[in-house]
Amino acid sequence: MNPPERPDPFPLEGGCDCRQIRYRMATRPLFVHCCHCRWCQRESGSAFALNAMIETDRVQTLAGTPERVNTPSESGLGQVILRCPRCHLALWSHYAGAGPAVAFVRVGTLDQPDHLPPDIHIFTRSKQPWVVLPAGAPAVPEYYDRDTCWPADSLERRKALQPQIEAWRATLPRG
């Protein structure tokens, strides 16, 4: 006998601490990273950052207007963090790899973050030694091969985004 399927929790809503910004993730994300790199540790003020990658057009702002803050990144290409203009909480980011096509939603800003455990732990070579990963949790010392780790439906969704990502990359300065 198969266990009963859990209902799909989407859409999920979230927001900042002061509640000026509210948003909705319309669908399940592409993939959820738990990143243990030193950059994410410093930026989050914690041992890791937990980000749900999702198509930006699937993140709907319900209240307020997030402030776009350009910040440096370990890649040297920078990132844009969308923050509440009042309490300055980081809600999601856009990294240079996919630009504005993909949002990296901070899972902890969701009202029900327990619906999005990490699909993979990345950059575990710089993981804090006191962080113990669950037995059997997918983990890699640095980054991973998307084609071997992502589910097929997420790969198809990413493929549909590729023209938008390529158009954005074409606007970047060559250097």
Side-chain angles (χ1 to χ4, degrees), residues 3 5-6 8-10 12 14 23 25-59 69-83 89-110 112-166 168-169 172 175:
E5 284 192 34
R6 291 183 9 198
D8 187 354
F10 291 90
L12 288 176
Y23 71 89
M25 285 181 65
T27 66
R28 179 164 298 288
L30 296 161
F31 210 59
V32 180
H33 290 160
C34 185
C35 184
H36 297 269
C37 79
R38 297 291 183 190
W39 199 275
C40 283
Q41 290 177 34
R42 182 173 31 270
E43 187 178 281
S44 68
S46 185
F48 50 80
L50 189 59
N51 290 309
M53 298 173 63
I54 188 168
E55 299 92 328
T56 299
D57 63 4
R58 295 180 186 208
V59 179
V69 180
N70 293 314
T71 62
S73 67
E74 190 169 22
S75 72
L77 300 173
Q79 69 174 310
V80 176
I81 301 176
L82 284 94
R83 295 182 174 274
L89 187 104
L91 298 157
W92 63 84
S93 292
H94 300 290
Y95 288 90
V102 177
F104 286 68
V105 173
R106 304 297 199 277
V107 172
T109 67
L110 290 165
Q112 298 175 307
D114 34 78
H115 285 296
L116 293 178
D119 292 310
I120 195 165
H121 292 265
I122 60 176
F123 292 98
T124 59
R125 67 172 159 67
S126 53
K127 174 183 75 59
Q128 290 296 318
W130 45 265
V131 171
V132 179
L133 301 181
V140 293
E142 293 186 8
Y143 205 67
Y144 60 91
D145 177 24
R146 180 176 38 243
D147 292 335
T148 60
C149 293
W150 281 25
D153 65 319
S154 292
L155 290 170
E156 284 301 312
R157 287 167 55 189
R158 174 86 163 62
K159 187 176 177 181
L161 282 175
Q162 202 58 40
Q164 186 180 349
I165 292 169
E166 293 302 322
W168 176 80
R169 286 181 180 166
L172 297 175

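Residue indices begin at 1 and follow the sequence shown.
- Leu161 contributes atom CG, which lies 7.5 Å from atom CG of Asp57 (distance to the nearest 0.5 angstrom).
- Residues Ala103 and Thr56 share a closest heavy-atom pair of N-OG1, 3.3 Å.
- The heavy-atom pair separating Ala47 from Trp130 by the smallest distance is CB-CH2, 3.6 Å.
- The shortest side-chain heavy-atom distance between Val105 and Met25 falls under the 4.5 Å cut-off.
- Applying the side-chain hydrogen bond (donor to acceptor under 3.5 Å, both in side chains) test to pairs two or more places apart or on separate chains, those with a residue in residues 133-142 are Arg125-Glu142.
- Atom CG of residue Leu12 and atom CD1 of residue Ile54 lie 9.0 Å apart, to the nearest 0.5 angstrom.
- Summarising the geometry of Arg158 relative to Leu30, their closest heavy-atom pair is N-CD2, 4.3 Å, with the distance given to 0.1 Å.
- Side chain to side chain, Thr27 and Arg58 meet the donor-acceptor criterion of an N or O pair below 3.5 Å.
- Between the side chain of His33 and the backbone N or O of Asp119 there is no donor-acceptor pair closer than 3.5 Å.
- Of the candidates His121, Lys127, Gln128, His36 forms a side chain to side chain donor-acceptor pair (under 3.5 Å) with just one, namely His121.
- Closest non-hydrogen pair, Leu50 versus Leu116, comes out as CD2-O, 4.0 Å.
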message = Show, in sequence, the C-alpha distance, side-chain angles and deciding distance for Arg106 and Ile81, and conclude whether the side-chain contact (heavy atoms from CB on, under 4.5 Å) test is met.
response = CA-CA 10 Å; Arg106 304 297 199 277; Ile81 301 176; 4.1 Å; yes
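- Side-chain N/O atoms of Ser154 and Arg28 include no donor and acceptor closer than 3.5 Å.
- By the neighbour-count criterion of 12 heavy atoms within 6.0 Å, atom CZ of Phe48 is sparsely surrounded, having that number or fewer from other residues, nucleotides or ligands.
- Taking the six-membered ring where the residue is Trp, the centroids of Tyr23 and Trp92 are separated by under 6.0 Å.
- Of all the heavy atoms in Tyr143 and Val140, the pair that sits closest is O-CG2, 3.6 Å.
- Gln164 has its side chain out of reach of Val102: every pair of non-hydrogen atoms, C-beta onward, lies at least 4.5 Å apart.
- Using a 30° and 60° split on the angle between ring planes, Tyr95 and Phe104 fall in the perpendicular class, above 60°.
- Of all heavy-atom pairs between Cys149 and Ile120, the closest is SG-CD1, 4.1 Å.
- In this structure, Trp168 and His94 have side chains that are not in contact, with every pair of non-hydrogen atoms separated by 4.5 Å or more.
- With 3.5 Å as the limit, one finds a donor-acceptor pair spanning the side chains of Glu43 and Gln79.
- To the nearest 0.5 Å, atom CZ of residue Arg157 and atom CZ of residue Phe31 are 12.5 Å apart.
- The main-chain N or O of Cys37 is never found under 3.5 Å from a side-chain atom of Arg42 such that the two would form a donor-acceptor pair.
- In this structure, the side chain of Ser44 does not engage the main chain of Ala49 through any donor-acceptor pair within 3.5 Å.
- Taking CG of Leu110 as the reference point, atom CG of Leu91 lies at 10.0 Å (rounded to 0.5 Å).
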